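For ligands, and for the atoms within them, numbers begin at 1 and follow the listed sequence. Please read all numbers here as calculations on a predicted model, not as lab measurements.
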Amino acid sequence: MVAAVKEQAPARPGLSNKARELMEEINTDAAKHNIWVRTQANAPAQRPWFTDTAGEIGQLATGRVAANQMKTLPHHWRWKEYSQYLNRISEVARKADVSPIEFADRQSILLLNPGLNGRLQVTSTIRCAISIYNPGDIAPVHIHSPNASRTILSQKGGYTNVEGERCEATRGDLILTPNGTWHDHGNDDSEPVIWIDMLDWPLMEFLDCAWVDHDMPAGSGQGNARVQSTVHQNGYSERLYGRGGMMPAFVSHQRGNGRHPCPLIHFRGDEVRETLHGLRGEEGDPYEGININFVNPVTGEPVFRTLDYGAQLLRPGEETKFKRETASTFYVVIDGEGATEIAGKRFEWQPNDIFVVPNFVWRRHINTGKNDAVIYSVSDAALLRNIGHYRAQGRNNGSGVVELAP
Ligand SMILES: [Fe+2]
């Protein structure tokens, strides 16, 4: 018994068993008033993050803890596994003889992190849905507090309207819907389209400030419309903001409700690829390869205050060094094949595969293919930086740990 106590809290001298029993009695009494009495014997146990915890992940603190102790686990969702469900729901919807209300809008699957006990989230802050839109499908205009984005997997087809701007979607595009912007989606092409929706929804739920509204005010001139009328043609925000170092002075940069929101809402897959390939001759980052961040052109900050979006290119044979961050990161493979080692586990990936790296576990990427690999990432590093909790470390094979940030 004493040994067990010592194991629980090795750094603390601990109280005698008698003292512990007495404290538990007090705690039983205090529970009537929704109070918990903390002593040295039953203090919440938290692991020290910045000691070298090797590959350990998902470790739960023992005893009572201050917050829910479910932990994000590294996980990999293979295209060949998840795409079959998209095809199946798309087919059911196409052939549905039920009222169109059930199937008219859109179909999607949500990814569940196996460490989070069925919650609709892939990390503690990020929700991911993968949507398939049949020809003619429409997701009616709506607005919500979570920031959201879509990363397009299909070659073409489909659109998103954001605040009256029509964005035609093609593979590798990133389309943003910042907090509080009216948006609708649809597919007026002849083939189904698939994209990945990423949202900071779990964070908004945690803060008790997740809300959605489907009732577009009539004052906007298009109240209750299912689809916004096009006010700005495809490419509008790119014309305004798509060139570095030049910003339009005659428009308001406000979009939706956020503080300094990102008014460039459409990043084109072709341009992302072109940018990365244009930089592939550079040395790059030893922990990331050739990497770029998607930024708000007005402020130079991450596109959302909560989420960072990035893309990186790994050259054939390239192996990055190990890195870990206080942030959690979600990856989508756009081109190529390779592997990512996360907390000592190796995940082999191919195009359209998705994987998640939990907070503060060692990971490295390896391009095992013959061609360049391109992967996109979404992480809550932006949030952690904003609240002063972003830290990152690197590790060289065989040598020590180095501080990379702050
Ligand atoms: Fe939405």
Glu325-Ser379 side chain donor-acceptor pair, cut-off 3.5 Å
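The answer is no; no qualifying pair exists.
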Test of understanding: with side chain to side chain contact (heavy atoms under 4.5 Å, CB included), list the residues that count as partners of Asp335, not counting sequence neighbours.
Arg273, Val374
Please enumerate all residues that pass side chain to side chain contact (heavy atoms under 4.5 Å, CB included) together with Ala382, with sequence neighbours excluded.
Pro302, Asp308
Side-chain donor-acceptor distances from residues 245-258 under 3.5 Å, at least two apart:
from   : atom 1 : to     : atom 2 : distance (Å)
Ser252 : OG     : Gln254 : N      : 3.1
His253 : ND1    : Tyr241 : OH     : 2.5
Gln254 : NE2    : Gly256 : O      : 3.0
Gln254 : NE2    : Gly258 : O      : 2.8
Arg255 : NH1    : Ser252 : O      : 2.8

Contacts of the Fe ion (ligand 1) with protein N/O/S atoms, counting only those under 2.8 Å
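Per the 2.8 Å query on the Fe ion (ligand 1), atoms found are His142 NE2, His144 NE2, His183 NE2.
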Quick one: does Asp29's side chain have a donor or acceptor within less than 3.5 Å of a partner on Ile26's backbone?
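Answer holds: no.
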Does Arg395 make a cation-pi contact with Trp362, if we ask for NZ or CZ under 6.0 Å from the ring centre and within 45° of the axis?
yes
